[in-house]
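Order of the sequence lines sets the chain letters (A, B, ...), proteins ahead of strands, with each chain counted from 1. What you see is a predicted model, and the numbers here were worked out from it, not measured in a lab.
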2 protein chains.
Amino acid sequence: MSKYGRKYTHAVIATDVVVFTIKDEKLQALLIKMKKPEFRGYWAVPGGLVKGEEGLETAAFRHLSEKTGMRGVYIEQLQTFGDPKRDPFGRVVSVAYIALVSWDKHELKTSEQYGGVAWFPIAGLPKLAYDHEEIVRMAATRLKAKIEYTNIVRGLLPRRFTLTELQRAYEIILGKVIDKRNFRKKILETKIIKEVKGKISSGAHRPARMYRFVVDKPQAVEML
Amino acid sequence: MSKYGRKYTHAVIATDVVVFTIKDEKLQALLIKMKKPEFRGYWAVPGGLVKGEEGLETAAFRHLSEKTGMRGVYIEQLQTFGDPKRDPFGRVVSVAYIALVSWDKHELKTSEQYGGVAWFPIAGLPKLAYDHEEIVRMAATRLKAKIEYTNIVRGLLPRRFTLTELQRAYEIILGKVIDKRNFRKKILETKIIKEVKGKISSGAHRPARMYRFVVDKPQAVEML
DNA sequence: GGCGTTGGTGTATATAATACACTCAATATG
DNA sequence: CATATTGAGTGTATTATATACACCAACGCC
């Protein structure tokens, strides 16, 4: 038993993961539908309690896998939310994480205890349980900030992608159009991506060159 | 009793506050000397467990006040540390905060349970308990990053200060010398500071104009 | 083979960042 | 009280970076 076992009414620790993707030309977040009668009609960010000797990230991965079927994604810590009243049923402190995925790489399936799992555009979220709306908003803000000085966008794209796809990701997250020539100049200067053999024909037009990220770990980069 | 009361061996929540100041031309952190025999010779970042219905920031302020005598400082969340082995005596998840203070504004006094409280230069820390060395390192890194695009530096300075003092704060945190004319041009362009009446004579030279921060809340700013 | 569609490229201009040296006003000194 | 010393305060020229902008290429489709 912990040395710290009995002095206080303790809070419980949970993790929540805000999973973003770009789908239908929109930034979307992954939500699960709550089944408990107290939360009828509400959705939530996938997450749950941290077990005894389990690390925070481990717990985040476990709940993500159990509740959405997702595995093998990168997560990074967003912020910890600890308002004593954030959960009406007890004192839960939640460590929130962000993940970015290419939505077509993951088959979604949730467990019995939830009513479904689905993508929702950031502009157009359903009713969210607890303080999850605040969490998602903060995650979107952080994403928007970090895309300008890190290679965080890599999570959203498949291993091989075109410059136009990459540019669309930036445009959607930043919410503004970017000049094609300037974008290409800058992104190639950073050296975070690299051309790879092969072209892709995706319609009645000239085929596009393919690129990949040079490093797939997070790193800070001067950009845009 | 919490609905979440009995399912797991729960972790306990703590907060730790890395307090920075600039003193003797160096970036320094506030540490308390541990008294418990298990930690003889070790120092630690001021912090402690969060009580039942207490908010995270409230707990951080309370421990800071109890263990160092400091009150009325700004804190902002750094990151949450939750490695199951970070505390050898039990599972403690720590939410770490950063605070920046003007050291001469606070009289230091610690409680009976600690052996003392003192400032230590970042380069030259004593042995730190738990994972507090990692916490302090990360706090310093974050500070260095944020000083470039926020008004975070305001906490380090007295209400009224000279441009040279402000520049020294930037130089010490960034670890590089800055051109005086360019610094003044840029910092005044941002409009985060404003000249105030009165000059200060501090030696055998022309007296300096005084400035103050326009807003004393955190804000993002384009800078340096 | 002509049309529609997206891929791919360079240059000129404007803005921002950097490098750089002297005078000013106070105190200290002989 | 004349002179030296010290940090305060100021502007411009140069370089680097960011922005604005238009046409041809390669494919599919009819």
Side-chain angles (χ1 to χ4, degrees), chain A residues 22 24-25 144-145 147-150 153 157-158 160-212 220-224, chain B residues 22 24-25 144-145 147-150 153 157-158 160-212 220-224:
Chain A
I22 289 181
D24 303 334
E25 300 277 294
K144 196 167 166 176
I147 200 178
E148 303 233 33
Y149 64 92
T150 71
V153 72
L157 297 170
R160 295 155 28 93
F161 53 87
T162 70
L163 290 181
T164 301
E165 287 166 352
L166 181 61
Q167 184 176 340
R168 282 302 292 144
Y170 275 87
E171 289 179 333
I172 289 164
I173 291 168
L174 294 173
K176 67 178 185 192
V177 297
I178 303 172
D179 178 85
K180 202 208 299 190
R181 282 179 286 193
N182 294 338
F183 176 79
R184 287 168 181 235
K185 205 186 309 170
K186 279 246 280 277
I187 206 80
L188 290 171
E189 267 170 12
T190 65
K191 300 280 172 54
I192 62 169
I193 61 169
K194 174 181 173 180
E195 191 176 348
V196 75
K197 258 201 276 283
K199 299 193 176 189
I200 187 164
S201 265
S202 61
H205 55 85
R206 178 174 177 173
R209 296 179 184 174
M210 305 294 290
Y211 292 80
R212 67 171 178 83
V221 182
E222 192 72 21
M223 214 178 319
L224 299 194
Chain B
I22 288 181
D24 304 332
E25 301 276 295
K144 195 167 166 175
I147 200 178
E148 302 233 33
Y149 64 94
T150 71
V153 72
L157 298 169
R160 293 155 27 95
F161 52 87
T162 70
L163 290 182
T164 301
E165 287 166 351
L166 182 61
Q167 182 176 342
R168 282 303 292 145
Y170 275 87
E171 289 179 332
I172 289 163
I173 290 168
L174 294 174
K176 66 178 187 193
V177 298
I178 302 173
D179 179 85
K180 201 207 300 191
R181 281 179 288 192
N182 294 338
F183 176 79
R184 285 166 183 237
K185 205 186 308 170
K186 279 246 280 279
I187 206 78
L188 291 170
E189 267 170 13
T190 66
K191 300 282 173 52
I192 63 169
I193 60 170
K194 176 181 171 178
E195 190 176 349
V196 74
K197 257 201 278 281
K199 298 194 180 192
I200 187 164
S201 263
S202 60
H205 56 86
R206 179 175 177 174
R209 296 178 184 173
M210 304 294 288
Y211 292 80
R212 67 169 177 84
V221 181
E222 192 72 21
M223 212 178 320
L224 302 195

Just how far, in rounded Å, is [atom2] of [N] from [atom1] of [X]?
X	N	atom1	atom2	result
E165(B)	dG9(D)	CD	C1'	15 Å
F161(B)	dA8(D)	CZ	P	14 Å
L188(B)	dG11(D)	CG	C1'	14 Å
N182(B)	dT12(D)	CG	C1'	11 Å
E222(B)	dA16(C)	CD	C1'	10 Å
F183(A)	dA18(D)	CZ	C1'	15 Å
L166(B)	dG9(D)	CG	P	12 Å
I187(B)	dA17(C)	CD1	C1'	15 Å

Nearest heavy atoms of [X] and [Y], plus distance in Å:
X	Y	result
T162(B)	A208(B)	CG2-CB, 3.6 Å
G198(B)	M210(B)	O-CG, 3.3 Å
L174(B)	E148(B)	CD2-OE2, 3.7 Å
A169(B)	I22(B)	CA-CD1, 3.5 Å

Sidechain N-carboxylate O distance under 4.0 Å for E165(A), R168(A): no

L163(A) backbone acceptor or donor facing R209(A) side chain under 3.5 Å: no

Exam field: side chain R184(B) to backbone Q167(B), donor-acceptor pair closer than 3.5 Å: no

Nucleotide of dA18(D), dG7(C), dA20(D) approaching R184(A) most closely (side-chain heavy atoms):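 The nucleotide sitting nearest to the side chain is dG7(C).
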
T164(B) side-chain N/O to dA8(D) phosphate OP1/OP2 under 4.0 Å: yes

Closest-nucleotide ordering on DNA chain D, the 5'-leading residue of R209(B) and E189(A): R209(B)

In the structure I gave you, are the side-chain heavy atoms of [X] and [Y] within less than 4.5 Å of one another anywhere?
X	Y	value
Y170(B)	I178(B)	yes
I187(A)	M223(A)	yes
Y211(B)	L157(B)	no

No-H, no-angle donor-acceptor pair, K185(B) side chain to dT12(D) base, under 3.5 Å: yes

Side-chain-base donor-acceptor pair under 3.5 Å for K186(A) and dT19(D):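 There is none.
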
Residues within residues 168-181 of chain B bordering DNA chain C, heavy-atom distance below 4.0 Å: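 Close to the strand are D179(B), R181(B).
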
Distance (rounded to the nearest 0.5 Å) between I193(B) CD1 and F161(B) CZ: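 Answer for the CD1-CZ pair, I193(B) versus F161(B), is 5.0 Å.
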
Reported CG-to-CD distance for the pair L188(B) and E195(B), which is rounded to 0.5 angstrom: 9.0 Å

Divergence of helical axes at both termini of the helix from dG1(C)-dC30(D) to dG30(C)-dC1(D) - five pairs an end, 10° steps: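 That helix has its two terminal axes inclined by roughly 10°.
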
Close residues, residues 195-205 of chain A, relative to DNA chain D [heavy-atom separation under 4.0 Å]: G203(A), A204(A), H205(A)

